[in-house]
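All remarks here apply to the structure that follows.
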Amino acid sequence: MHRIQTTRRSGAGGSIAHHIAVGRRVNVAFLTSGEQGVTGVRAERAGPVREQEAETALGKLGVAADNVHFLRLPDGGLDPMDRDQFLQVLRILRQLRPSVVYLPHAEDASFDHRQAFQLVWRALEKCASRSYPHAGQRHWVGTVLAYEVWSPLPAPSYLQRLDPAHIAAKHAALSCYSTQVKGEDEADYAGEGGVALARFRGAMSAGGHCEAFAVLRLAAPDWAPNPEHASTRAAT
């Protein structure tokens, strides 16, 4: 069973549903709990609310609760140069040992997303190193894909086609974030807005819906072949 890991997940929700549907194991790591993101609610109360929303949303995509991980780094305070934050990310990468990692792209409009990219990329660079042996057994992540959330990628290099069931799951997951429904004249991705970019990517390529990614690292996947495809080739 091949392991996929994401940090956050809104930009790759359809792809998560796709991986689950074909039998791959998906782990999702939230660097922060978004505790600063609930208007009128103190951070110590908002964090657990946001985490519950996240677990419910990921359940809609098919991710088991045991595969959801909260690092609880400070919301609004991600720092790629902070040694403790770096080691926490490095430890979970070495613990989960994913084949593929998804992370926000480097130029996303969200400051936290840009910091998350730098922090995770720093940990990925050291994941296979002999350095930091106390952070776990070293591990090479062969494929790293960066997704888009607030800012579209200018030239995506990989598109994941989404079946109707995958886009429905993505929409259902985004709809779980009731605390993130915005007021008038505010940006809102918890609902139809969250799937609009996937619809645009599909319209500009093969139709339907797609999620777009930047390829940061690409290794030959070790995923098992489709049995139906193998049978067809053997019969020809």
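The basis for the numbers below is simple: all heavy atoms, side chains too, and nothing from hydrogens, waters or symmetry mates.
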Rounded to the nearest 0.5 Å, what separates atom [atom1] in [X] from atom [atom2] in [Y]?
X: Arg161; Y: His166; atom1: CZ; atom2: NE2; value: 11.5 Å
X: Asn27; Y: Leu96; atom1: CG; atom2: CG; value: 4.5 Å
X: Tyr158; Y: Leu153; atom1: OH; atom2: CG; value: 14.0 Å
X: Lys126; Y: Leu87; atom1: NZ; atom2: CG; value: 12.0 Å
X: Glu148; Y: His113; atom1: CD; atom2: NE2; value: 12.5 Å
X: Cys127; Y: Leu93; atom1: SG; atom2: CG; value: 4.5 Å

Mind checking whether [X] and [Y] have side chains closer than 4.5 Å, heavy atoms only?
X: Leu73; Y: Asp84; result: no
X: Val28; Y: His69; result: no
X: Pro80; Y: Trp121; result: no
X: Phe117; Y: Arg114; result: no
X: Arg199; Y: Cys210; result: no
X: Phe213; Y: Leu159; result: no
X: Val41; Y: Val49; result: no

*asked:* For Tyr147 together with Tyr102, are the ring centres under 6.0 Å from each other?
replied: no
*Check the pair Ser33 / Glu51 against side-chain hydrogen bond (donor to acceptor under 3.5 Å, both in side chains), numbers first and verdict last.*
CA-CA 6 Å; Ser33 297; Glu51 289 184 8; 2.5 Å; yes
Between the side chain of [X] and the main-chain N/O of [Y], is any donor-acceptor distance below 3.5 Å?
X: Glu55; Y: Ala65; result: no
X: Asp112; Y: Gly76; result: yes
X: Asn67; Y: Arg25; result: no
X: Arg94; Y: Gly136; result: yes
X: Ser157; Y: Val215; result: yes

*Kindly determine whether His171 and Leu174 satisfy side-chain contact (heavy atoms from CB on, under 4.5 Å), including the steps that lead there.*
CA-CA 5 Å; His171 187 278; Leu174 289 169; 6.0 Å; no
Using every non-hydrogen atom in the two residues, find where [X] and [Y] come nearest and quote the distance to one decimal.
X: Ala29; Y: Leu71; answer: CB-CD1, 4.2 Å
X: Ala135; Y: Leu90; answer: CB-CD2, 3.7 Å
X: Arg201; Y: Ser205; answer: O-OG, 2.6 Å
X: Arg50; Y: Thr179; answer: CD-OG1, 3.4 Å
X: Leu78; Y: Thr32; answer: CD2-CG2, 3.7 Å
X: Asp79; Y: Gln85; answer: N-OE1, 2.9 Å

_Please enumerate all residues that pass side chain to side chain contact (heavy atoms under 4.5 Å, CB included) together with Gln36, with sequence neighbours excluded._
Ala43, Asp75
*Can a donor-acceptor pair be found between the side chains of His18 and Asp163 at a distance below 3.5 Å?*
no
*Under 3.5 Å side-chain donor-acceptor pair for Glu107 and Ser151*: no
*asked:* Does the plane of the ring in Phe86 sit parallel, tilted or perpendicular to the ring in Tyr132? Use 30° and 60° as the thresholds.
replied: perpendicular
*So among Val101, Leu103, Leu145, which one has a side-chain contact (heavy atoms from CB on, under 4.5 Å) with Leu216?*
Leu103
*Run the side-chain contact (heavy atoms from CB on, under 4.5 Å) check on Leu31 and Phe70 step by step: do they pass?*
CA-CA 6 Å; Leu31 302 187; Phe70 297 99; over 6 Å; no
_According to a hydrophobic-cluster definition based on side-chain heavy atoms being under 4.5 Å apart (Ile, Leu, Val, Met, Phe, Trp, Tyr only), do Val149 and Val26 belong together?_
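Val149 and Val26: one cluster.
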*How about Gln137: does its CD atom have over 12 heavy atoms from other parts shown lying under 6.0 Å from it?*
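Open.
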*So Glu35 and Arg45, salt bridge (Lys or Arg N to Asp or Glu O under 4.0 Å) or not? Walk me through it.*
CA-CA 8 Å; Glu35 66 273 11; Arg45 296 186 59 188; over 6 Å; no
*Run through Glu53, Lys60, Gln52 and flag the one making a side chain to side chain donor-acceptor pair (under 3.5 Å) with Thr56.*
Gln52
*Would Lys170 and Glu211 pass as an ion pair if we require N to O under 4.0 Å?*
yes
*asked:* On the six-membered ring of Trp140, is Arg97 placed so that its NZ or CZ lies under 6.0 angstrom from the centre and within 45° of the ring axis?
replied: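 Not satisfied by the 6.0 Å and 45° rule.
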*Go through the steps for Ile167 and Val195 under the test side-chain contact (heavy atoms from CB on, under 4.5 Å), then give the verdict.*
CA-CA 8 Å; Ile167 201 66; Val195 300; 4.2 Å; yes
